[in-house]
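Order of the sequence lines fixes the chain letters, A, B, ..., with proteins taken first and strands second; residue numbering starts at 1 for each chain.
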Amino acid sequence: MAEKDIELREKQEVQTQAESTRNIPVFIPAVDIYESEEALTLVADMPGVAPENVDIDLRDDQLTIRGTVSLEGEGETVLLREYGVGDYYRQFNLGRIIDQSKIEAAMKDGVLTLTLPKVDKAKPKKITVKTG
Amino acid sequence: MALLRWSAPGDLFRPFEEMEREMERLRAEMDRLLPGFRSLRTARVGVFPPLNVSEDKDNLYVRAELPGMHPDQIEISVEGDTLTLRGERKPAPLGDNVSYHRREREFGRFRRSLTLPTRIDVDAVEATFNNGVLTIVLPKAQEVRPKQIPVKAQ
């Protein structure tokens, strides 16, 4: 793949949500979701969130990701502000193909990786065509 | 339907020219009221990564969100009063037979420069990388730090 310059993607603020108790904005994390034969993988950018401040909630088929940001630089005078700092919130509907008991989560350098294994019956099967 | 006379382009563009002049006047006014902002504001915006800059008595702080990057992939340099950030955000390699459902995260190279508003001690600049947030601490040069002047009693 040819090298390319990174494009600026502005942070999107969550519009509809019950009001939070912290008086800071709440952003929608940018995510990549990809599927392999065994699992779906969800990768979310949540810079500023420490691993212990990620909250993943699974209820019925609804997956909720919440990240609480650690505020830095309080007491400093702001000179330039090109991005907002806030919490993260996003919900996804999982299909029936996910084995909810085997979901794994890892958080590193502000990136959350969720591995959502598929239930056995959802994995692709080879169907051999019989001759004769 | 409104008809515009093409023979008089000057009239057509006059409102825009006036608006531009007004913007220029406001900008000049801003510079006058907030001299510290001048150099910072002229930095290119709309370029990755967005930066937040703040200060206290002793230091300038420049922060950028670079989730998933490794400190080795970020190059920071200070030359005179210009701070430059360079690097490349690379996607994690995927296995075969993988298909994307969503692809919102951006990857690629970046280079961003910022003109610093005060003189700094170039040798004492430090950077830390924590939870995907880069923080560069630039100590102000001794001569621009505020000094306490004690009043002597007679």
(request) For the residue pair A:T64 and A:Y89, establish whether any side-chain heavy-atom pair is separated by less than 4.5 Å. (result)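 A side-chain contact under 4.5 Å exists here.
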
(request) Taking the side chain as every heavy atom from C-beta outward, state whether B:L134 and B:M69 have any atom pair closer than 4.5 Å. (result)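 The answer is no; the side chains never approach within 4.5 Å.
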
Who wins among [options] for the most heavy-atom pairs under 4.5 Å with chain B?
options: A:V43, A:V111, A:T77, A:L42; answer: A:T77
options: A:A30, A:P29, A:A44, A:S70; answer: A:A30
options: A:M107, A:K11, A:E72; answer: A:E72

(message) Quick check on the interface: out of B:V98, B:V133, B:V62, B:T135, who has the most heavy-atom pairs with chain A under 4.5 Å?
(response)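 Among B:V98, B:V133, B:V62, B:T135, the one with the most close pairs to chain A is B:V98.
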
(request) Under 4.5 Å, counting heavy-atom pairs only, tell me which of B:D56, B:N97, B:N130 racks up the most with chain A. (result) B:N97

(message) For A:D60, I'd like to know if atom CG has over 12 heavy atoms of other residues, nucleotides or ligands within 6.0 Å.
(response) no

(message) Please determine whether side-chain contact (heavy atoms from CB on, under 4.5 Å) holds for the pair A:I103 and A:L114, giving the CA-CA distance in whole Å, both sets of side-chain angles, and the decisive distance to 0.1 Å.
(response) CA-CA 7 Å; A:I103 295 177; A:L114 276 178; 4.1 Å; yes

Let me know if [X] has heavy atoms under 4.5 Å from chain A in its side chain, its backbone, both or neither.
X: B:A64; value: backbone
X: B:Y100; value: both
X: B:R89; value: side chain

(request) Sort A:V49 into side chain, backbone, both or neither according to what part of it lies under 4.5 angstrom from a heavy atom of chain B. (result) backbone

(request) With a 4.5 angstrom heavy-atom cut-off, could you sort out which part of A:L40 is near chain B: side chain, backbone, both or neither? (result) side chain

(message) Go through it in stages, so that I can follow the logic: the residues are A:L79 and B:L60, the test is side-chain contact (heavy atoms from CB on, under 4.5 Å), and I'd like the CA-CA distance, side-chain angles, deciding distance and then a yes or no.
(response) CA-CA 9 Å; A:L79 299 177; B:L60 278 178; 3.7 Å; yes

(request) Report whether B:V137 and B:V122 are members of the same hydrophobic cluster (ILVMFWY, side-chain heavy atoms less than 4.5 Å apart, transitive linking). (result) no

(request) Examine the side chains of B:N59 and B:Y61 and answer whether a donor and an acceptor come within less than 3.5 Å of each other. (result)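 Looking only at side-chain atoms, B:Y61 and B:N59 do form a donor-acceptor pair, the distance falling under 3.5 Å.
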
